[in-house]
Amino acid sequence: MKKRHSMDNLVKGIIYLSSIVTVGVLLWILIYVVSNGIGEISWDFISQTQMGEGEEGILPYIVSTLYVILITIIIATPIGIFSAIYLVEYAKPGKVVRVIRFATESLAGIPSIVFGLYGLIFFVTFLNFGWSILSGSLTLSMMVLPTIVRTTEESLKAVPNTFREGSLGLGASKLRTIRKVILPSAIPGILTGVILSIGRIVGETAAIYLTLGTVKWMPKGLMDGGRTLAVHLYYLAKEGISFEKAYATATILILIVLVINFIANKLASRLNKAKQ
Amino acid sequence: MEATELNNEYESRPNMSKSKWTEIWEKIVEIIFFLSACMAIVSIAIITFFIFIKGVPAIAEIGLFDFIFKTDWYPEAEILGIGAMIVASIYATLGSIIIGVPIGLLTAVFIAELAPDWMIKIIKPAVELLAGIPSVVYGFFGLVIIVPIIDRTFGGGGNGLLAAIIILSFMILPTIINISVTALKAVPREYKEGSLAMGASHIQTIFKVMIPAAKSGIFAAIILGIGRAIGETMAVILVAGNSIQIPFSILDRVRPMTAHIALEMSYAAPGLHENSLFATGVILFIFIMILNIVLNFITSKVGE
């Protein structure tokens, strides 16, 4: 009996240790990067293209990042939402749905470098969009599609059936029911999907590096190339150009991720409250 | 079911003047929804098509055997073997699984079974943040922290297989943890209660009853972790050293397939050299598809 007890305690100790490692890794990354980077961040650093002698600001990269986020979300959100509506509200279980599910899952599992290769031959070369915001956004919208489909699906499923029955019983058509009753209750879930997708776009490097290019200037339109913050960090680190600037850029990326996670959590807790 | 019947009843009412137009409109919108749902299939199909159409002829020209088993890479002489890259990918992935799975699974056990509420409130957001940190930030962290530590401890510069394994095992933690927690929580209460009632301790119950009952979910977590590790690119480039060689020591510099594609793509001349990178993409794609099929098999078995 005593032996079992000490064995249990040993295992418990290992479990605690693993959990400490998990949280420790996060804290280590956050504290180390942010403490080295926060001092390097100044208003000039984020609001200028050029700051003084040979020092560059990151404004063009912020603009490129925002541009790619905007276009990707505009393309992917409607397709993702429509797709989820079909799967939850229209589709009858069977082969078609299974194939769509399998395709969505597979899309989520494809490595970003493969998306990059595909974007490079299809959008950049074959459709001749060049290295541009458009090529990058089209490629990324395929990458984030599964996230939006999945979160929208979950929030549609969470809408109680009585809502549907009530609306249809009052004589509203199916489409009207979806538009006026189901979608409004599903909005927090859909927004969560969009927010998570924005997080993925901000952090993406491999796919965007092959489709948006790496030029340093400010993008003026859809057909211009650019460089996102994440790609910029990759450059700074890979070429060893400036570790101070790399810490600062990494800190900004981490701050963006913190904000995104905070918003996603707030939305999720509102969704859970609505469910109860 | 009931909802559909009600809907049909409404649609078949003949006396409504607008009903015909509404019906047509509803049908059009349904078709739009259906086409959107097919976008995932279309995407997979064209990705596969374009990667293969560029890659497969290159494999045919080089020869499948030479391409995947030869370890010589001299693009100028058109000697293109990616054996070393395949081995590097496999080693890095296996290593990260060996480190990441136990830590992730035990953390999942902690979250699902042992942690008090206030601790869950700390550890769950921590796991979410780990999942949200961009891969290039992991790579940068590896470059400025892990690589120097390895260099100081073992010498040899620090960038190599071990650094890649450590960074990848950090990166797969959230995947392993989240899916394992879901799997552990899905184990029926009766299993746990039965085992406790028989006199087993909580720890014994977890390891002898709950983990075996959740094994297909945990297996799915591992498969997804493998997928994430084998597909990671930028983080790996920054820490792996990128030399083309079969590693004989864990400190050797390696170049996994993903790193190989990204590094060579920036200067490859159009022609066989560039196409061979798409061919590397084909091999990577096949690896991932096999993982997807295994995963699909596991999850559909769970559904039954």
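Values in this document were obtained by computation on a predicted structure and should not be read as measured data. Below, chains carry the letters A, B, ... as their sequence lines are ordered, and counting in each starts from 1. Keep in mind that the numbers below use all heavy atoms, side chains included, and drop hydrogens, waters and symmetry copies.
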With a 4.5 Å cut-off on heavy-atom pairs, point out which of [options] contacts chain A the most.
| options | value |
| --- | --- |
| B:Gly132, B:Ala235, B:Gly104 | B:Gly132 |
| B:Ile111, B:Ile46, B:Val42 | B:Ile46 |
| B:Phe34, B:Tyr138, B:Phe285 | B:Phe34 |
| B:Val282, B:Val109, B:Ile145, B:Leu143 | B:Ile145 |

What part of [X] lies closer than 4.5 angstrom to a heavy atom of chain A: side chain, backbone, both or neither?
| X | value |
| --- | --- |
| B:Leu129 | both |
| B:Val29 | side chain |
| B:Leu173 | side chain |
| B:Val144 | both |
| B:Leu284 | side chain |
| B:Thr258 | both |
| B:Ile31 | neither |
| B:Leu130 | both |
| B:Ile177 | side chain |
| B:Phe49 | neither |
| B:Leu224 | neither |
| B:Met289 | side chain |
| B:Ile133 | both |
| B:Ile146 | side chain |

Which one, A:Ile178, A:Leu87, A:Asn265, leads in non-hydrogen pairs under 4.5 Å with chain B? A:Asn265
Chain B: which of A:Gly119, A:Ser19, A:Gly203, A:Pro78 shares the most heavy-atom pairs with it under 4.5 Å? A:Ser19
Decide yes or no for [X] and [Y]: does some side-chain heavy atom of the first lie under 4.5 Å from some side-chain heavy atom of the second?
| X | Y | value |
| --- | --- | --- |
| A:Ile14 | B:Leu106 | yes |
| B:Ile47 | A:Met142 | yes |
| A:Phe82 | B:Leu35 | no |
| B:Ile44 | A:Ile110 | yes |
| B:Asn292 | A:Glu105 | no |
| A:Phe122 | B:Ile51 | no |
| A:Ser173 | B:Trp25 | no |
| B:Met39 | A:Thr104 | no |

Can you name the nearest heavy-atom pair linking [X] to [Y], along with the distance?
| X | Y | result |
| --- | --- | --- |
| B:Ser201 | A:Asp8 | OG-OD2, 2.5 Å |
| A:Pro111 | B:Gly231 | CB-CA, 3.5 Å |
| A:Leu175 | B:Glu26 | CB-OE2, 2.9 Å |
| B:Pro134 | A:Val257 | CD-CG2, 3.7 Å |
| A:Tyr86 | B:Glu30 | CD1-O, 4.3 Å |
| A:Thr205 | B:Ser135 | OG1-OG, 4.2 Å |

Would you sort out whether B:Phe33 and A:Tyr90 count as a ring pair (Phe, Tyr, Trp, His ring centres under 6.0 Å), showing the intermediate values? CA-CA 9 Å; B:Phe33 289 161; A:Tyr90 289 88; 5.6 Å; yes
Atom pair [atom1] ([X]) and [atom2] ([Y]), whose distance is rounded to the nearest 0.5 Å:
| X | Y | atom1 | atom2 | answer |
| --- | --- | --- | --- | --- |
| A:Asn261 | B:Glu128 | CG | CD | 6.0 Å |
| A:Leu117 | B:Met265 | CG | CE | 5.0 Å |
| A:Ser112 | B:Met234 | OG | CE | 8.0 Å |
| A:Ile20 | B:Ile123 | CD1 | CD1 | 9.0 Å |
| A:Leu253 | B:Phe140 | CG | CZ | 11.0 Å |
| B:Cys38 | A:Ile100 | SG | CD1 | 5.0 Å |

Take A:Ile15 and B:Ile203, measure what side-chain contact (heavy atoms from CB on, under 4.5 Å) needs, and give me the verdict at the end. CA-CA 10 Å; A:Ile15 292 174; B:Ile203 294 291; 4.3 Å; yes
Check for me whether the distance between the ring centres of B:Phe50 and A:Phe126 falls short of 6.0 Å. yes
For A:Ser18 and B:Thr107, test the side chains for any donor-to-acceptor distance below 3.5 angstrom and give the result as yes or no. no
How far apart are the C-alpha atoms of B:Ile41 and A:Phe102, what are their side-chain angles, what is the distance that settles it, and do they pass the side-chain contact (heavy atoms from CB on, under 4.5 Å) test? CA-CA 9 Å; B:Ile41 303 175; A:Phe102 178 66; over 6 Å; no
Mind checking which of residues 23-30 of chain A sit less than 4.5 Å from chain B, heavy atom to heavy atom? A:Val23, A:Val25, A:Leu26, A:Trp28, A:Ile29, A:Leu30
Around atom CZ of B:Phe207, are there more than 12 heavy atoms of other residues, nucleotides or ligands at under 6.0 Å? yes
Assess whether side-chain contact (heavy atoms from CB on, under 4.5 Å) is satisfied between A:Tyr234 and B:Leu238, documenting all intermediate values. CA-CA 8 Å; A:Tyr234 170 72; B:Leu238 290 175; 4.1 Å; yes
